[in-house]
Chemist: 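What follows is a single structure, and I will ask about it in a moment.
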Amino acid sequence: MIECSCAGREAAPDQKLNFSSPRNFEETNMRSLFMMLVVIATTNLAWAQPELVKRGDYLVNGILACGNCHTPKGPNGDVLEKAFSGGGYWDEPPFTVHAANITQDKETGIGSWSDADIKKLLRTGQTPKGVHTAMIMPTSFYHILTENDLDAVVAYLRTITPVHNKVPDPIYKVPQVENVPPGGENPFAEPMMSDKVQKGFYLVTIAHCMACHTPIGPRGREYKSSLGAGGVKFSGPWGISVSRNITQNKTNGIGAWSDDEIKRAITDGVSRDGSRLGRPMGYHYYARISSDDLDAIVAYLRTVPGSAE
């Protein structure tokens, strides 16, 4: 039996609730159930959004290292007051581009983009104008993003302070296309993360490690024959860096390195012999990677076949 909350006071005759009527009883229960669902949904949304932003922060400022390209650099590194407002510049045979402003500025950033626009760019490389972004943007490595991680990245990007900074329009010299690495064609499902090697493959992919550490041939990156073999040159204020071989080759690669030596190279930029590793690898971003994720990354790297290149 349902008791009236105004117990102790008898309602006026014309205000009494007729709970004896099956119809009234059912309607009251349905209203109560609806209100309960609304409260639950609102509570879950309020809880989920901060969790999404936290996860997005970990991804964007950690393993994705978005600021490595999108944040301007000064003599001491990232110019934080202009974070994500556009930084890198590349003049290559396929394109001449500046890294985009990805702050929430509505005129020069992505503040006017919908969530769907941002997700489409990350998953397909297509901008809201229907133009494929420059191939230096590693969207080919984001097809694998889980739905939750994709939501998390968008949620975090929405929190970035708007910075008004118009970067020059890109110049495309050839058609820009996706070059998706094998195994990264479709979004991962969360249950797949329970396998350490699979999780490591996921993390290495979204970190686009093989974008820098796989040689480029006439038809693009040579994933099938030289995955992780290194040899790619990068020019910048640091001079010229050459990406190293990260296969399990014990002489030219990292097959003879210990797990801790590999982790130190990723997070601290220190080689096995104690020498400093060069830029543009974003060590200070990777320093935020959790120990569990580092374990998974190393577990996957241990499966990359050795290459003598």
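The residues of the chain are indexed from 1 along the displayed sequence.
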Chemist: Cut-off 3.5 Å, side chains only: do K119 and S114 have a donor facing an acceptor?
Modeler: no
Chemist: Any sub-3.5 Å donor-acceptor pair from Q104's side-chain atoms to I160's backbone N or O?
Modeler: no
Chemist: Show your working on side-chain hydrogen bond (donor to acceptor under 3.5 Å, both in side chains) between S291 and K263 and close with a plain yes or no.
Modeler: CA-CA 9 Å; S291 59; K263 293 175 185 178; over 6 Å; no
Chemist: Looking at OG of S290 and CG of D295, how far apart are the two atoms once the value is rounded to the nearest 0.5 Å?
Modeler: 8.5 Å
Chemist: Do the side chains of V97 and V232 join up, straight or via other hydrophobic residues, at under 4.5 Å, putting them in one cluster?
Modeler: no
Chemist: I'd like to check the ring-ring contact (aromatic ring centres under 6.0 Å, His included) partners of Y142; sequence neighbours left out, ordered by chain and number.
Modeler: none
Chemist: I'd like to check the ring-ring contact (aromatic ring centres under 6.0 Å, His included) partners of Y89; sequence neighbours left out, ordered by chain and number.
Modeler: H98
Chemist: Mark yes or no for whether Q176, through its side chain, and P94, through its backbone, hold a donor-acceptor pair below 3.5 Å.
Modeler: yes
Chemist: Kindly indicate whether the side chain of C212, heavy atoms from C-beta on, has any atom under 4.5 Å from the side chain of M281.
Modeler: no
Chemist: Distance-only, no hydrogens or angles: does the E261 side chain make a donor-acceptor pair with backbone N or O of S258 under 3.5 Å?
Modeler: yes
Chemist: Would you say R264 and I262 make side-chain contact, with heavy atoms under 4.5 Å?
Modeler: no
Chemist: Please check if the number of heavy atoms outside K173 that lie under 6.0 Å from its NZ is greater than 12.
Modeler: yes
Chemist: Write out all pairs satisfying ring-ring contact (aromatic ring centres under 6.0 Å, His included) with one or both partners inside residues 182-201, taking only residues at least two apart or from two chains.
Modeler: F188-Y202, F201-Y300
Chemist: Taking all atoms of both residues into account, what is the closest heavy-atom pair of A99 and W90, and its distance?
Modeler: N-CZ3, 3.7 Å
Chemist: Might you point out which heavy atoms bring N61 and D57 nearest each other, and give the distance in Å?
Modeler: ND2-OD1, 2.6 Å
Chemist: Donor-acceptor check, side chain of H208 to backbone of P138, threshold 3.5 angstrom: yes or no?
Modeler: no
Chemist: Could you tell me whether the side chain of T146 and the main chain of D149 form a donor-acceptor pair under 3.5 Å?
Modeler: yes
Chemist: Could you walk me through whether E178 and T139 pass side-chain hydrogen bond (donor to acceptor under 3.5 Å, both in side chains), step by step?
Modeler: CA-CA 7 Å; E178 297 289 280; T139 54; 2.8 Å; yes
Chemist: Can you tell me which residue pairs pass the ring-ring contact (aromatic ring centres under 6.0 Å, His included) test with a partner in residues 153-172, sequence neighbours excluded?
Modeler: none
Chemist: For residues I297 and M192: do they belong to one hydrophobic cluster (side chain heavy atoms under 4.5 Å, members Ile, Leu, Val, Met, Phe, Trp, Tyr)?
Modeler: yes
Chemist: So how far is it from T71 OG1 to N68 CG, rounded to the nearest 0.5 Å?
Modeler: 9.0 Å
Chemist: Side chain of T103, backbone of F84: donor and acceptor closer than 3.5 Å?
Modeler: no
Chemist: Under 3.5 Å, side chain of R221 to main-chain N/O of A211, donor-acceptor pair present?
Modeler: yes
Chemist: Within the 4.5 Å heavy-atom criterion, are Q126 and K120 side-chain neighbours or not?
Modeler: yes
Chemist: In this structure, would V177 and F95 fall into the same cluster of hydrophobic residues linked by side-chain contacts under 4.5 Å?
Modeler: yes
Chemist: Output every pair passing side chain to side chain donor-acceptor pair (under 3.5 Å) with a member in residues 273-285, not counting sequence neighbours, ordered by first then second residue.
Modeler: D78-H284, D78-Y285, D273-S275
Chemist: Is the shortest side-chain heavy-atom distance between P215 and Y223 below 4.5 Å?
Modeler: no
Chemist: Taking all heavy atoms of Y58 and all of D293, pick out the closest pair and write down the distance.
Modeler: OH-OD2, 2.6 Å
Chemist: Which value, rounded to the nearest 0.5 Å, describes the distance between R123 atom CZ and L121 atom CG?
Modeler: 12.5 Å
Chemist: Mind checking whether V304 and I246 have side chains closer than 4.5 Å, heavy atoms only?
Modeler: no
Chemist: Looking only at heavy atoms, which two atoms of H70 and M137 are closest? And how far apart?
Modeler: NE2-SD, 4.1 Å
Chemist: Check whether any side-chain heavy atom of I206 sits under 4.5 Å from a side-chain heavy atom of I144, and report yes or no.
Modeler: yes
Chemist: If the condition is side-chain contact (heavy atoms from CB on, under 4.5 Å), which residues does T161 pass it with, not counting sequence neighbours?
Modeler: none
Chemist: Less than 4.5 Å apart, any side-chain heavy atom of Y286 and any of L294?
Modeler: no
Chemist: Which pair of non-hydrogen atoms, one from A100 and one from V167, has the smallest distance, and what is that distance?
Modeler: CA-CG2, 4.4 Å
Chemist: Where the side chain of D268 meets the backbone of V270, is there a donor-acceptor pair that is under 3.5 Å apart?
Modeler: no
Chemist: Check the surroundings of atom NZ in K82: do more than 12 heavy atoms from other residues, nucleotides or ligands lie under 6.0 Å from it?
Modeler: no
Chemist: What I want to check is whether the side chains of N101 and T108 have a donor and an acceptor closer together than 3.5 Å.
Modeler: yes
Chemist: Might you point out which heavy atoms bring T159 and A155 nearest each other, and give the distance in Å?
Modeler: CG2-O, 3.5 Å
Chemist: Establish, from distance only, whether the side-chain atoms of T247 and N245 form a donor-acceptor pair under 3.5 Å.
Modeler: yes
Chemist: Could you tell me if the side chain of K166 sits less than 4.5 Å from the side chain of E107, heavy atoms only?
Modeler: no
